[in-house]
Amino acid sequence: MLLDPLNAVREDLEDNDIIPDVIPADPPFHPKTLLVVTFPTGQEALLGNTLTKMDTADEPTIAFTPMQVPDVTDEPTFTLVMTDPDAPSRENPKFSQWRHWVVTGVKPPPASEAVETGNFVAHLTKPVVTPYCPPSPPAGSGKHRYVLLLFQEPNADFSVPANAPERDNKFVNRRNWDVARFAKKYGLKPVGVNYFYVVGE
């Protein structure tokens, strides 16, 4: 019997403690899309592969095609987040989570356009909330999990308020963030996840 790729994603997240360290175990998370993350270097996040600081120095593109019907009838929009639960190290995550990137208004290209052009890269339609901060794990801190999460937004007009902590982008103020609390506050539904490791050397 062929393994459902979305169930395989969930099992991997559990095996590597993304569930529950980043995504709560309750309610159960059921992915609805495969999230493809590609850096300008050509390197991809592949559910736990190890990349370098150089590989991930610049903002990646993302692509996804919902494999299950979204929960809204209108064209859905999405929020993308990247977070590090292992700050400053997995053994001592006193700064967990470290907020690396928050983008709202993410849209996949129209299906007909994507099929015709072969380009499935999502469009970032709104100004970034938290600008991309590349992985920079401290020397000697071991492997860090960098987790990218895709959330379905409650409506196309969704935006993060101007006074929200996600817009405070001073370096030290990115620490001790909680993506699950952020999602719950704004009614964001998780639909896709990917992650990679970078080693603090």
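Computed over heavy atoms, backbone and side chain alike; hydrogens, waters and symmetry mates excluded.
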### Query
Between CZ of Arg145 and CG of Asp86, what distance do you get to the nearest 0.5 Å?
4.0 Å

### Common cluster, Trp101/Val36, ILVMFWY with side-chain heavy-atom separation under 4.5 Å
no

### Message
To the nearest 0.5 Å, what is the distance between CG on Asp168 and CG on Asn163?
### Response
11.0 Å

### Task
Search all heavy atoms of Phe29 against all heavy atoms of Gly192 and return the closest pair with its distance.
CZ-N, 4.2 Å

### Query
More than 12 heavy atoms of other residues, nucleotides or ligands under 6.0 Å from CZ of Arg167: is that the case?
yes

### Task
Drop me the distance from Asn194's CG to Leu150's CG, to the nearest 0.5 angstrom.
11.0 Å

### Option passing side-chain contact (heavy atoms from CB on, under 4.5 Å) with Val193 (candidates Asp12, Val81, Leu148, Ile23)
Ile23

### Query
Is there a donor-acceptor pair under 3.5 Å between the side chain of Asn49 and the backbone N or O of Glu44?
yes

#### Entry: Full working for side chain to side chain contact (heavy atoms under 4.5 Å, CB included) between Thr41 and Met54
CA-CA 8 Å; Thr41 55; Met54 186 174 295; 5.6 Å; no

### Message
Quick check: do Val191 and Pro31 have side-chain heavy atoms less than 4.5 Å from each other?
### Response
no

### Message
Donor-acceptor check, side chain of Glu153 to backbone of Gly105, threshold 3.5 angstrom: yes or no?
### Response
yes

### Task
Evaluate side chain to side chain contact (heavy atoms under 4.5 Å, CB included) for Val121 paired with Ile62, printing each intermediate quantity in order.
CA-CA 6 Å; Val121 172; Ile62 66 159; over 6 Å; no

### Message
Could you tell me if the side chain of Arg90 sits less than 4.5 Å from the side chain of Lys143, heavy atoms only?
### Response
no

### Message
So for atom NZ, which belongs to Lys53, do other residues, nucleotides or ligands contribute more than 12 heavy atoms lying within a distance under 6.0 Å?
### Response
yes

### Query
Gln97 versus Val179: any side-chain heavy-atom pair under 4.5 Å?
yes

### Thr83 vs Tyr146, side chain to side chain contact (heavy atoms under 4.5 Å, CB included): CA-CA, chis, key distance, verdict
CA-CA 6 Å; Thr83 188; Tyr146 292 90; over 6 Å; no

Review item, side-chain donor-acceptor pairs of residues 130-138, under 3.5 Å, at least two apart:
| unit_1 | atom_1 | unit_2 | atom_2 | d |
| --- | --- | --- | --- | --- |
| Thr130 | OG1 | Arg99 | NH1 | 2.8 |
| Thr130 | OG1 | Glu166 | O | 2.6 |
| Thr130 | OG1 | Asn169 | OD1 | 3.4 |
| Tyr132 | OH | Thr56 | O | 2.7 |

### Task
Quick one: sort the Phe182 and Trp177 rings into parallel, tilted or perpendicular, breaks at 30° and 60°.
tilted

### Separation between CG of Leu6 and CD of Glu11, rounded to the nearest 0.5 Å
11.5 Å

#### Entry: Nearest non-hydrogen partners of Pro85 and Pro93, listed with the distance
O-CB, 3.6 Å

### Message
Can you confirm whether Glu59 sits close enough to Leu124 that some side-chain heavy atom of one is under 4.5 Å from a side-chain heavy atom of the other?
### Response
yes

### Query
Does Phe120 have its ring centroid less than 6.0 Å away from the ring centroid of Phe64?
no

## Note on the structure
One should read off an interatomic distance between Leu35 CG and Leu80 CG, to the nearest 0.5 angstrom, of 6.5 Å

### Distance in Å, Phe151 CZ paired with Thr77 OG1, rounded so as to fall on 0.5 Å steps
13.5 Å

### Message
If you take the centroid of each ring, where Trp contributes its six-membered ring, are Phe158 and Tyr186 closer together than 6.0 Å?
### Response
yes

### Modelled atom types, side-chain donor and acceptor of Ser89 and Asn92, under 3.5 Å
no

### Query
Considering all heavy atoms of both residues, which atom of Pro108 and which atom of Phe78 are nearest to each other, and what is their separation?
CD-CE1, 4.0 Å

### Query
If you take all heavy atoms of Ser141 and His144, which pair is closest and at what distance?
OG-NE2, 2.9 Å

### Query
With ring centroids as reference points, do Phe171 and Trp98 lie under 6.0 angstrom apart?
yes

### Summary
Students should find that the hydrophobic cluster of Val199, defined by side-chain heavy atoms under 4.5 Å apart, otherwise consists of none

### Message
side chain to side chain contact (heavy atoms under 4.5 Å, CB included) for Asp55 and Phe39? Distances and angles first, verdict last.
### Response
CA-CA 7 Å; Asp55 290 334; Phe39 290 91; 5.9 Å; no

#### Entry: Residue from Asp84, Val22, Leu149, Leu47 passing side-chain contact (heavy atoms from CB on, under 4.5 Å) with Tyr195
Leu47

### Under-4.0 Å salt bridge between Asp15 and Arg10
no

### Task
Examine Val198 and Phe95 and state if one hydrophobic cluster contains both, with Ile, Leu, Val, Met, Phe, Trp and Tyr joined whenever side-chain heavy atoms are less than 4.5 Å apart.
no

